[in-house]
Amino acid sequence: MMMVYPTLLGRVLLQPSRSISSLRSTNPSISAVRVFQSQYNTNTNTKSQNHCENEKRGKWFTLPPYTPTINGSVLGKALSAKIPAKVASETTALKWVLRCCPELPRNLVQKLFRLRQVRRESSVMESCNLGDQGQEHRLTRVAAKDSMDVGDRIFLPISVKVLPASKQDCHCSEEEINFIRGLELFKDTAIIVINKPPGMPVQGGIGIKRSLDELSASCLSSDYSEPPRLVHRLDRDCSGILVMGRTQTSATVLHAIFREKTLAASNDDVGNKRRILQRKYWALVIGSPRHLKGLISVPLGKVVVDNGKSDRITVVENSQNMSSQHAVTQYRVIESSHGFTWLELSPLTGRKHQLRVHCAEVLKTPIVGDYKYAWQAHRNWKQFSWSNIEDKSNEKSLSENILPFSLDLDSGSISEKHPRLHLHCKQMVLPDVSTALQDVQLSSEYDFSQLPSLKFNAPLPSYMKKSWDILRS
């Protein structure tokens, strides 16, 4: 894969010089690297064995003073278990540079360390030589694995300005930018929550021109130097709540929370205790389950079909003969009508296509519009007759219903010949990661048992709402 260099360097080179003192209060987790030129008065009669030519010129990229870092994985586990934990950890010089400069390619930073072109101004040396102006700003070489002390500052050579031209930002029209920003349900210093529209892929890939991962970097970054990061996924044709981390630290915490939830459920920890992460999907299925509510707990595995051209997920009857992953889902019937049933699905694990396979193969009630796992149920599909409801939307031209990125949220209800996938992530509850990150800054061992939770609700897309209205008529 071609290495893409950041736009950050091009931007910061055009900024005016800043003093060292102005960086003391900088928060590296939410601000870009600040650049300034430090002019060091050198005595021509003084020999300096540790300064290279760049140091003599006194031109550097300077990082904010080091502050104790948070171990996102440890914090995520502590939040999941609601137990006190020591989440602060020691950090190496390499990790500190990558944290402060998330847009810098990792291999470039590693090369700077290998070539011994990275310097450190030690806070310990500064305090020991407080009265010696000649020693106060002395820089020393630092290795990638050297541990950082509180207050240490890292200096990168100005020579990085010769980097190749960076990748151009994604070009979106004003209408497209406003559409993406209009998807936001919630935003704080740690996370962004959006209502993903059906038909829009979450990640890029073969044949995908635009994805939410790419578009969020262009439209949802705001004043952050880091683009939002995905922490979980939704299928392309699925809609609803999607959470992204606004910083590397918050994304790591959220990754750990989602991972711990899956591990706990996989170990048969599915009791009634209050879970810190809760997700509820709404699905319209064909038919009705035998029971009004229940727990599905079966292993799932991947099989290759069409002579290796594609694959699908299926229930594994004998896990000893086939690689599989345990998948657990709680379900509850919302209401049934005219041969269809609205289900509330709560996945306790996060396996690929878990809900779709559980509905189709375990409950024997495939999701409407799921042609991958329920193509047979749709072979003789007859669109639902709903003469009791006025449908004025059909009188509109197709162009009026098409949104940016060629999205159409109106067509696809059960009244049409080819209904769309009726699966929507409607509710989610997760811990207040932003508050947790602030609290652990104040105390290295924080009790998360009283940490508040955040609850989100995403309205159904238009075609699912239409199906809801049809069945209730």
Side-chain angles (χ1 to χ4, degrees), residues 179-180 182-187 191-205 207-217 219-220 227-246 251 254-255 257-259 261-262 277-285 300 312-313 325 327-331 343-360 366-374 403 405-409 412 419-430 454-465:
F179 176 79
I180 296 297
L183 300 176
E184 287 185 4
L185 297 174
F186 176 83
K187 178 171 65 176
I191 69 172
I192 294 179
V193 182
I194 67 172
N195 185 8
K196 175 195 169 302
M200 175 168 282
V202 171
Q203 280 188 304
I208 296 177
K209 296 181 179 180
R210 294 288 185 89
S211 66
L212 270 175
D213 191 24
E214 171 197 3
L215 293 169
S216 63
C219 306
L220 301 179
R229 291 173 167 83
L230 294 172
V231 296
H232 69 114
R233 285 157 180 76
L234 293 176
D235 294 341
R236 178 172 186 163
D237 295 323
C238 184
S239 59
I241 297 173
L242 183 72
V243 180
M244 293 181 286
R246 299 196 72 185
L254 290 165
H255 269 300
I257 292 173
F258 278 85
R259 182 174 61 250
K261 174 185 173 70
T262 293
L277 173 63
Q278 302 173 41
R279 288 175 291 174
K280 294 182 179 180
Y281 289 71
W282 276 29
L284 180 61
V285 299
L300 300 179
R312 57 181 287 141
I313 307 300
Q325 293 180 313
V328 185
T329 302
Q330 289 180 330
Y331 73 91
L343 292 180
E344 180 185 83
L345 304 169
S346 301
L348 305 187
T349 54
R351 310 304 185 192
K352 180 179 180 180
H353 295 173
Q354 172 179 322
L355 300 181
R356 297 164 65 179
V357 176
H358 278 175
C359 286
I367 299 176
V368 171
D370 189 353
Y371 302 101
K372 184 178 182 70
Y373 296 102
L403 297 171
F405 310 106
S406 300
L407 295 175
D408 178 10
L409 306 186
R420 300 174 65 177
L421 183 68
H422 281 55
L423 181 61
H424 176 78
C425 184
K426 196 172 190 303
Q427 296 180 347
M428 184 178 294
V429 177
L430 73 162
L454 302 174
K455 184 175 182 179
F456 309 107
N457 285 275
L460 296 172
S462 299
Y463 69 91
M464 287 186 68
K465 180 64 167 57

Enquirer: Relative to the ring of His422, is the ring of Tyr463 parallel (under 30°), tilted (30 to 60°) or perpendicular (over 60°)?
Expert: perpendicular
Enquirer: For Cys425, does its backbone N or O pair with a side-chain atom of Arg279 as donor and acceptor, under 3.5 Å?
Expert: no
Enquirer: List in chain and number order the residues that pass ring-ring contact (aromatic ring centres under 6.0 Å, His included) with Phe405, two or more places apart in sequence or in another chain; answer none if no residue qualifies.
Expert: none
Enquirer: What heavy-atom pair brings Asp213 and Ser216 nearest, and what distance separates the two atoms?
Expert: O-OG, 3.0 Å
Enquirer: Evaluate the side-chain contact (heavy atoms from CB on, under 4.5 Å) criterion for residues Arg246 and Lys187: first the C-alpha distance (whole Å), next the side-chain angles of each, then the deciding distance (0.1 Å), finally the verdict.
Expert: CA-CA 9 Å; Arg246 299 196 72 185; Lys187 178 171 65 176; 3.4 Å; yes
Enquirer: Would you indicate whether the side-chain heavy atoms of His358 and Leu345 approach each other to under 4.5 Å?
Expert: no
Enquirer: For the residue pair Pro419 and Tyr371, what are the closest heavy atoms and their distance?
Expert: O-OH, 2.7 Å
Enquirer: Could you go through the side-chain contact (heavy atoms from CB on, under 4.5 Å) check for Leu220 and Ile194 one step at a time?
Expert: CA-CA 10 Å; Leu220 301 179; Ile194 67 172; 4.2 Å; yes
Enquirer: Does any non-hydrogen side-chain atom of Asn457 lie less than 4.5 Å from one of Gln427?
Expert: yes
Enquirer: If the condition is ring-ring contact (aromatic ring centres under 6.0 Å, His included), which residues does Tyr373 pass it with, not counting sequence neighbours?
Expert: His353
Enquirer: Starting from the C-alpha separation in whole Å, work towards a yes-or-no answer on side-chain contact (heavy atoms from CB on, under 4.5 Å) for Val202 and Lys196.
Expert: CA-CA 8 Å; Val202 171; Lys196 175 195 169 302; 3.7 Å; yes
Enquirer: Calculate, to the nearest 0.5 Å, the distance between atoms OG and CG belonging to Ser239 and Leu234 respectively.
Expert: 8.0 Å
Enquirer: Using the test side chain to side chain donor-acceptor pair (under 3.5 Å), find all partners of Lys465 that sit at least two apart in sequence or belong to another chain.
Expert: Asp469
Enquirer: Does atom NZ of Lys280 have more than 12 heavy-atom neighbours from other groups under 6.0 Å away?
Expert: no
Enquirer: Hey, does Arg229 have a side-chain heavy atom less than 4.5 Å from the side chain of Leu254?
Expert: no
Enquirer: Sub-3.5 Å donor-acceptor pair from the side chain of His424 to the main-chain atoms of Ala458, do we have one?
Expert: yes
Enquirer: Closest approach of Thr349 and Val328, non-hydrogen atoms and distance?
Expert: OG1-N, 2.9 Å
Enquirer: How many angstroms lie between atom CD of Glu214 and atom CD1 of Ile208, to the nearest 0.5 angstrom?
Expert: 10.5 Å
Enquirer: Any side-chain heavy-atom pair from Asp370 and Cys359 closer than 4.5 angstrom?
Expert: no
